[in-house]
Amino acid sequence: MTRLILKRLLVSLVVLWLVTLLVFVATLLLPGDPARAILGQQATPERIAALQHQLHLDEPVWQRYLSWLGGLFTGDLGTSTSTQGPVTTLLADRVSASLVLLVLAAVIATPLGLAFGTWTAMRRGRAGDQVVSGVSLVIAALPEFVIGVALIVLFATTVFRVLPSVTLTPPGEAVWAQPSQLVLPVLTLVLVVTPYITRMMRATMGEVLDSGYVEMARLKGMRERTVLLRHALPHAVGPVAQVVAIQLAWLAGGVVVVEFLFRYPGIGQALIDAVGKRDVAVVQAVTLLIAAVYIVVNLLADVIGILADPQLRTEALR
């Protein structure tokens, strides 16, 4: 198992390195000159040249990439052109704010989706199964910004007006100091992720419940709870772990839209502001951070899926 995990880790590191190449090339393709975007259209050629030298924009592309890559290993993400300060300082509070949002959404959505999926699989064809499946299908078809706007209309502006529609955090105050600001962003992410987990868990658990070893366990007189926990769930969690990983990894990228919608001060809002200000260092750092989260979550899902499913574990160790 250690050799298998190290192999998956090595593959993940290679993918992450390829992501650094893509991120660096993508920022090079952004339209406009960063120095001119900072100084304005009225800047003289001398001032533009001086700023380009200060930002190392006059160096060869390969040298700039190696310098940026070397800084990643030392924790130096570069200097923000909009604040003239380190990118790590700019993103420190925003990363923690986004992390709170993502963790809350994951902690709520994952067990909720697994529970709904298991419940509907055990009641296939009944009214409860049809209602949950229909509702999850409708919600899964809606983009996250549509769900967010609907929640704003329902709970913040038109119907009930019990929650804030945007995040209004005073400078220096943590966003979680006012928990009511977290409700709508977290609920939006939960509603986007949960239907996919529910539907996958229902399909997988349905196949497992119809399998021969589950039928044999029932014929031996085991209680249904024991059959479910000991024989059905371990075989169902493996395949579902991949879907859960994809959905949780989506949270790292989908949070950009949600944060923009609710004016939430996280990395998504920082990315949008950086693109508008042509702040290349911040764009590179946030994009790479989102990609790293995606890769790490998928790596953990692979390991959990193999450990949870005896059949996958046996095949992986051959």
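Counting from 1, the numbers follow the sequence of the chain as shown.
Of the possible polar contacts, one joining the Thr157 side chain to the Ile152 backbone as a donor-acceptor pair under 3.5 Å is found. At distances below 3.5 Å, at least one donor-acceptor pair connects side-chain atoms of Thr120 with backbone N or O atoms of Gly117. No donor-acceptor distance shorter than 3.5 angstrom exists from the side chain of Tyr264 to the backbone of Thr167, with no hydrogens or angles considered. Using a distance-only test at 3.5 Å, with no hydrogens or angles considered, no donor-acceptor pair links the side chain of Glu144 to the main chain of Thr188. Of the possible donor and acceptor atoms, none in the side chain of Ser133 sits under 3.5 Å from a partner among the backbone N and O of Gln130.
Note that CD of Gln284 and CZ of Phe24 are 6.0 Å apart. Values are rounded to the nearest 0.5 Å.
With contacts defined as side-chain heavy-atom distances shorter than 4.5 Å, the pair Glu259/Leu101 qualifies. The shortest distance between side-chain heavy atoms of Leu91 and Leu289 does not fall below 4.5 Å. Between Arg94 and Asp273, some side-chain heavy-atom pair lies under the 4.5 Å cut-off. Residues Leu187 and Ile147 fail the side-chain proximity criterion, which asks for heavy atoms closer than 4.5 Å. Two residues are said to be in side-chain contact when any heavy atoms from C-beta on lie closer than 4.5 Å; Tyr65 and Val25 fail this criterion.
Shortest non-hydrogen contact noted between Ile197 and Leu114 is CG2-N, 3.9 Å. Across Pro195 and Ile139, no two heavy atoms sit closer than the pair CG-CG2, 3.6 Å. Here the closest non-hydrogen pair linking Ser98 and Gly266 is OG-CA, 3.2 Å.
If you chain together hydrophobic residues whose side chains sit under 4.5 Å apart, Val146 and Val186 fall into the same group. A single hydrophobic cluster is not seen to contain both Val138 and Phe116; linkage of ILVMFWY side chains at heavy-atom distances under 4.5 Å, directly or through other members, places them apart. Placement of Leu261 and Val159 within a single hydrophobic cluster is found when ILVMFWY residues are connected by side-chain heavy-atom separations under 4.5 Å, directly or transitively. Criterion: ILVMFWY side-chain heavy atoms under 4.5 Å apart, direct or through other members. Under it, Val131 and Leu142 are part of a common hydrophobic cluster.
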Item to complete: List the steps and the verdict of side-chain contact (heavy atoms from CB on, under 4.5 Å) for Tyr294 and Val19.
Response: CA-CA 11 Å; Tyr294 193 95; Val19 169; over 6 Å; no

Item to complete: Evaluate the criterion side-chain contact (heavy atoms from CB on, under 4.5 Å) for residue pair Val256 and Ile290; output intermediate values, then yes/no.
Response: CA-CA 10 Å; Val256 175; Ile290 293 174; 4.2 Å; yes

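Val87 pairs in a side-chain contact (heavy atoms from CB on, under 4.5 Å) with only one of the listed residues (Val283, Val282, Val286), which is Val282. Of the residues Val296, Ile295, Val11, the one that meets the side-chain contact (heavy atoms from CB on, under 4.5 Å) test with Leu16 is Ile295.
Within a 6.0 Å radius of CZ in Arg123, other residues, nucleotides and ligands contribute more than 12 heavy atoms. Within a 6.0 Å radius of CZ in Arg124, other residues, nucleotides and ligands contribute more than 12 heavy atoms. No more than 12 heavy-atom neighbours from other residues, nucleotides or ligands sit within 6.0 angstrom of CZ on Phe260.
Ring geometry for Phe160 versus Phe155: interplanar angle under 30°, hence parallel rather than tilted (30 to 60°).
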